Amino acid sequence: MSEQINVTINGKPAVIDANLSAMQVLEDHQTEVPSVCYHPSLGAIETCDTCIVKVNGEFVRSCSTKLKSGDVIDGVSADVKEAQVIGMDRILKNHELYCTVCDYNNGTCEVHNTVKEMKVNHQSMPFEQKPYEIDDSNPFYRYDPDQCILCGRCVEACQDVQVTETLTIDWTLKKPRVIWDKNSKINESSCVSCGHCSTVCPCNAMMEKGMEGEAGFLTGIAKKTLRPMIELTKNVETGYGSILAISDMESAMREDRIKKTKTVCTYCGVGCSFDIWTKDRKILKVEPSVDAPANGISTCVKGKFGWDYVNSEERLTKPLIREGDAFREAEWEEALSLITSKFKESLEKKGPDSMAFISSSKCTNEESYVMQKLARAVIGTNNVDNCSRYCQTPATMGLFRTVGHGGDSGSITDIAKAGLVLIVGSNTDESHPVLATRVKRAHKLHGQRLIVSDIRRHEMADRADLFFQPKPGSDLVWLSAVTKYIVDQGWADQEFLNNRVNGIDEYIESIQKFTLEYAEEATGLSKDTLINIAEEIHQAKTTAVLWAMGVTQHSGGSDTSTAISNMLLITGNYGKPGAGSYPLRGHNNVQGASDFGSMPDRFPGYEKVADDEVRAKYEKAWNTKIPAEKGLNNHEMIDAIHEGKLNVMYLKGEDMGIVDSNINYVHEAFEKLDFFVVQDIFLSKTAEFADVVLPASPSLEKEGTFTNTERRVQRLYQALEPLGDSRPDWEIIQDIANRLGADWHYTHPSEIMAEAASLAPLYAGVTYERLEGYNSLQWPVAADGTDSPLLFLDEFPFPDGKARLFPVDWTKPLEFEKEYDIHVNNGRLLEHFHEGNMTYKSKGISSKTPKAFLEVSPELAAERGLEDGTLVRLTSPYGSVKVECLVTDRVKGKEVYLPMNDAGEGAINYLTSSQADKDTDTPAYKEISAKLEVLKAKGESPLPRINHRNGDPQPQMGVRVDKKWARKDYVFPGDLVKLRKEASKRG
Amino acid sequence: MAKATKVIHRMEVSPEEKRRRDLEEIETRLLDNKDAVHELFDVLEQLQKREILQTVKSLFAKGDEVMDILVKTADSKETANSIKNLLLMLGTLGTLNVQQLEPLILKVNAGIARVAELDEKKEQQGYVTLLKSLNDPEVKRAMAVGAAFLKGLGINQDEYERTTQKPEHQKGHTDGEQFDDIFTKEYHTLQKENGTSRQASGDSGGSWLIPAGLLLAAIPISLLFKKKS
Ligand code: SF4
Ligand code: SF4
Ligand code: SF4
Ligand code: FES
């Protein structure tokens, strides 16, 4: 319980919690205080002056005034109202009320609502236009200076929440306005189109373009008609009252035709949730809310604006059946009976293990569950896997070995709280944009320390207190050396180790070889750097380590993940807020795909197939026999096809033909299959090899749940009807199962979840009711619904409750012949997702980032005569790609960076080998070397001028309201009211 | 051996087959919504009698132009004034019984809205389409909304009065002054002079039924034009 204090509120004594603002307290005591600039996620911005009250007789802004014991608060007197009205009048000078013809008139306009609440009867200053044009250069949102009330919310959001630092208000202008960079056009600035600004804007000044002319009944009329219409309304009306009343009615009518559906982002593992506004199939906007558990008001460009793919012309709307070298459209009946007969044939002739099933991290948990059930219960094989093999399985392995749960230790809030954040091999700012904002904010505002280890200088690296570039693939070495140094200095958390960890001596023995000298040699990092890292960790109150593909996609990916976890154990950084391991999950449902059993050796909730008791449980529930031997993983499947042992494959939502490594080898395998069924929303590269392609429905067209990187299960609701004849994956799978003799009767995904929860202890308490709306649960979830935002608080999930230090050794990365002298790194771009078959469908995104490019260092450019636009060929022993260069100091020396966002000639996986992590078979995507030839010396830069990477951000703390207050034409309303009183007494 | 291919042969549906399917679909919908169909015909008959359909039809033909002219004409000083005078009169007389108008406006409103929407779907035409649309729950909803709208007209607005300033009062606040912000100006004057008397101006207005009506009418009309703009 927090401390209590005594105060007087509007003349009455009251006891309140300490540390509350006057605004909060008044609102808790039934006194509404206007507050136009205040936003719960942004805090007090102090620009609007509508929240003025009196504390101890002095006028103050209630949003920013904390109360002390004995304070006397007045939120109702005439003086107070007078001061508030002055604030509001100033706002209305900057904002024209034409609500009925405004697209923002949806009941949430805070200017509108405040005018109404305050019953503003008289405006002392008329509205005045500002001498600036509307800026609608950006494809996603536009800014109308005339409507901008200069509240600064957008600036606060851009500077201190998103921390892209594009926006400021130029308070030195005669008529201040919001500006981008140093006053460039929006589309030519550093703006990353994350949409924070339009999300928090209290009015229509900063607005999503999807809303324009669509939201209102009268807003779609031609511009030339709109202006006189506004004038007419204003001339005829007899006061704001009537404008508001009419527009309120109109807004109520809008409710009727705009559908608002809560959904979860379908791109990355951060798991942002938000309302999506639709009118028929048109997507008007994405509206994040304070209630969203993972992201609050935050989104990145993909989640906020990247939904065009849902209505793309290229969507599959009918099943396709191969006829020779072409497909023909078919009806479901024909496609399904073909599949059934082929499956039965293979089953009879070659047995269940001649078949394999691949689930997708794009699909829902429920769909992953029914896929593995189809494989195990109906077909009778454990040959089922999902694409997390491509990225995340090594991290899961590292955590299983040491702490027992294969997920993030805490929540995104813990990352924000951490004293030190250590990022290893993760391009967080582009791969997990919203999560990265939490680190950037904590670092900018709250003194969080940030260390980044990466071979590439990305944005997080630029912001870091300490950034270093180890030799590729050598992370395990410096991690172990730092751990050893910590132990040697006596900085290990002895108490934690004694009470909660096993295997200490053996482990310490195992790291003896990782001396500073050895590490210096193997990693290329100086001893000082290594010591520096150790000291930072030692001095930090808590440390959270974030890592991703830079660690996992190596031959020793599991071991490096283990080394991270070992280091955290040694320093006691588990089981407390603000600490732990965070293997950032790539896809929206990477976590869930594995959680729900699409793995060759595990049932849902990670229970082992080999465990007789567990198997018996499933056999009883499913009324079937399940093989005890583990099945094939993705990679083994491809090998088995080449060997002729695997003949039939059913793959959903996964572009294995692009995302798997060494794709030439994979393509050959696909060609050898007897029968290949692919289920997707587009004709993906993989689907091109199929015999039957089934049209699936994306997230907006179905219900279900996703599990994000925090182990958080969240519900999505159906916003649109399935397009054409497409259908949700779970329905298709159920149909196939039933045609093969199963007797499933799921009528809704909630029933699938109920079954999974009854079998997998990890989700015992997960129900759709508990996940209603923005509610969510983080596994493990006990039967009574208690979930686990922070793991390992009391014990680790091992029989004796103790964690295990797990000795590991360094696997040197793949070595290449001398001629392959260029090290090829790869990863994501902020604005595209993976091979890009969803994001390239967005005209806006494609206009700003039309294609993949190869980042080359200035040194390499000088040496080989490369410049922006030079077309080169990279050739590895496995294949080659053609791509245009971009010269940048984000990379150094002979290391180049190729974003994976291309499905054509630039597809990275033409270069990669079949080499894989020795423990999990995750492809070692990051271990590629190639030679580089110039094909065409000159060309246009692959990165248009309007790409945000060419912008010029202007960092500052928030909106700098102090500069507003210092203006000659500003006076604090309280001061004026005081003076008026004095004057009237005298006069 | 299945080689990668991007070629898709689309399924062709013969025109007769498509017609047959469409008709079947419509038939089902009609039967499912027998009551609504009857109601709609009632409305249509009423519209026909009052020649409203005719008007709407010509409005269709002219689209944006009509709207533009309408609004621009209305937005002249004279019109604004006469509307205001009308308002005053109405306010004085105060005899208008909105309740009596309700059924009429309701039907016009819902009817026009539907027709407007139908026009948007170009590929479907004629009576068949009209019938088809009936199934739409929006027909029912539109009516409900219309009713709510009208009820809204009856709400109490005593607390609202004219808030914008008359033009003559607005002069003098514009540029060329030392302080663009009148409050700041007032502050500095007060500081200098101590004790100038102030008074709030404001004259009360009356009913706002007419603008409400105007906007009310504009909503369905605008629906007609939206797609074309
Ligand atoms: S980056 Fe762009 S979209 Fe995001 S908050 Fe800043 S200005 Fe707005
Ligand atoms: S554009 Fe920014 S400053 Fe202007 S009203 Fe919107 S949030 Fe406030
Ligand atoms: S892609 Fe990731 S960060 Fe961006 S909105 Fe979606 S879940 Fe959030
Ligand atoms: S809400 Fe306090 S100044 Fe705006």
Side-chain angles (χ1 to χ4, degrees), chain A residues 86 90 100 119-126 217-218 220-222 224-225 228-229 231-242 245-246 249-250 252-253 256 318 320 322 325-330 667 670-671 673 676 683 688-691 968-971 973 975-976 979-980 983 986-987, chain B residues 1-11 64 67-68 71-72 74-75 80 83-84 87 141 145 148-149 152 155 157 159-165 170 173 179-184 186-187 190-191 194-198 200 202 205-206 208 210-212 214-215 218-219 222-223 225-226 229:
Chain A
I86 294 175
R90 280 181 169 149
T100 314
K119 303 202 175 106
V120 174
N121 284 330
H122 171 81
Q123 184 177 2
S124 316
M125 271 187 294
F217 284 84
L218 296 166
I221 46 180
K224 60 170 191 169
T225 315
M229 185 110 170
E231 293 305 327
L232 173 69
T233 0
K234 286 182 35 176
N235 277 330
V236 167
E237 54 85 12
T238 53
Y240 288 158
S242 57
I246 296 167
M249 286 184 248
E250 196 259 0
M253 290 173 63
D256 217 51
K318 284 219 164 273
L320 305 179
R322 174 179 286 271
D325 282 339
F327 291 113
R328 71 170 163 83
E329 287 187 340
H667 291 176
F670 289 160
E671 288 176 3
L673 282 167
F676 188 20
L683 190 69
E688 288 175 21
F689 293 92
D691 294 290
K968 260 232 191 63
D969 63 0
Y970 177 80
V971 68
D975 293 346
L976 175 59
L979 209 58
R980 279 180 184 168
R986 248 176 255 129
Chain B
M1 280 308 250
K3 287 277 173 209
T5 178
K6 288 189 169 86
V7 184
I8 300 176
H9 298 303
R10 304 275 166 200
M11 203 188 261
D64 245 2
M67 190 67 174
D68 202 38
V71 171
K72 279 200 179 128
D75 185 34
I83 294 176
K84 269 185 230 173
L87 278 178
R141 255 186 282 144
V145 171
F149 200 88
I155 65 166
Q157 350 95 33
E159 64 190 36
Y160 302 118
E161 51 185 272
R162 182 180 173 92
T163 53
T164 43
Q165 277 196 322
Q170 295 182 1
H173 297 312
F179 299 106
D180 201 23
D181 180 290
I182 58 152
F183 296 116
T184 312
E186 182 188 345
Y187 180 79
L190 279 177
Q191 255 187 344
N194 286 344
T196 319
S197 69
R198 283 174 339 103
W208 39 272
I210 293 295
L214 239 163
L215 282 162
I219 288 170
S222 76
L223 278 172
F225 309 140
K226 279 197 77 154
S229 59

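Convention: sequence-line order gives letters A, B, ...; per-chain numbering from 1. Keep in mind that this is a model prediction, so the values were computed, not measured. Heavy-atom basis, side chains included; hydrogens, waters and symmetry copies ignored.
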Exercise. Do A/Leu320 and B/Ile8 have side chains that get closer than 4.5 Å, going by heavy atoms?
Worked result: yes
Exercise. Are side-chain heavy atoms of A/Phe327 and B/His9 found at a separation under 4.5 Å?
Worked result: no
Exercise. Between A/Glu688 and B/Thr5, does a side chain to side chain contact (heavy atoms under 4.5 Å, CB included) hold up when you go through it step by step?
Worked result: CA-CA 5 Å; A/Glu688 288 175 21; B/Thr5 178; 5.6 Å; no
For this session: I would like to know whether A/Leu976 and B/Thr184 meet side chain to side chain contact (heavy atoms under 4.5 Å, CB included); could you show each step before the answer?
Result: CA-CA 8 Å; A/Leu976 175 59; B/Thr184 312; over 6 Å; no
For this session: Apply side chain to side chain contact (heavy atoms under 4.5 Å, CB included) to B/Tyr187 and A/Leu979, showing your working.
Result: CA-CA 7 Å; B/Tyr187 180 79; A/Leu979 209 58; 3.6 Å; yes
Exercise. Just how far is it from atom CZ of A/Arg322 to atom NZ of B/Lys3, taken to the nearest 0.5 Å?
Worked result: 10.0 Å
For this session: Locate the shortest heavy-atom distance separating A/Glu329 from B/Met11; write the atom from each residue and the value.
Result: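 Heavy atoms only, the tightest pair is OE1-N, 2.7 Å.
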Problem set entry | Salt-bridge present (A/Arg980, B/Glu186; N to O < 4.0 Å) |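 Yes, this pair counts.
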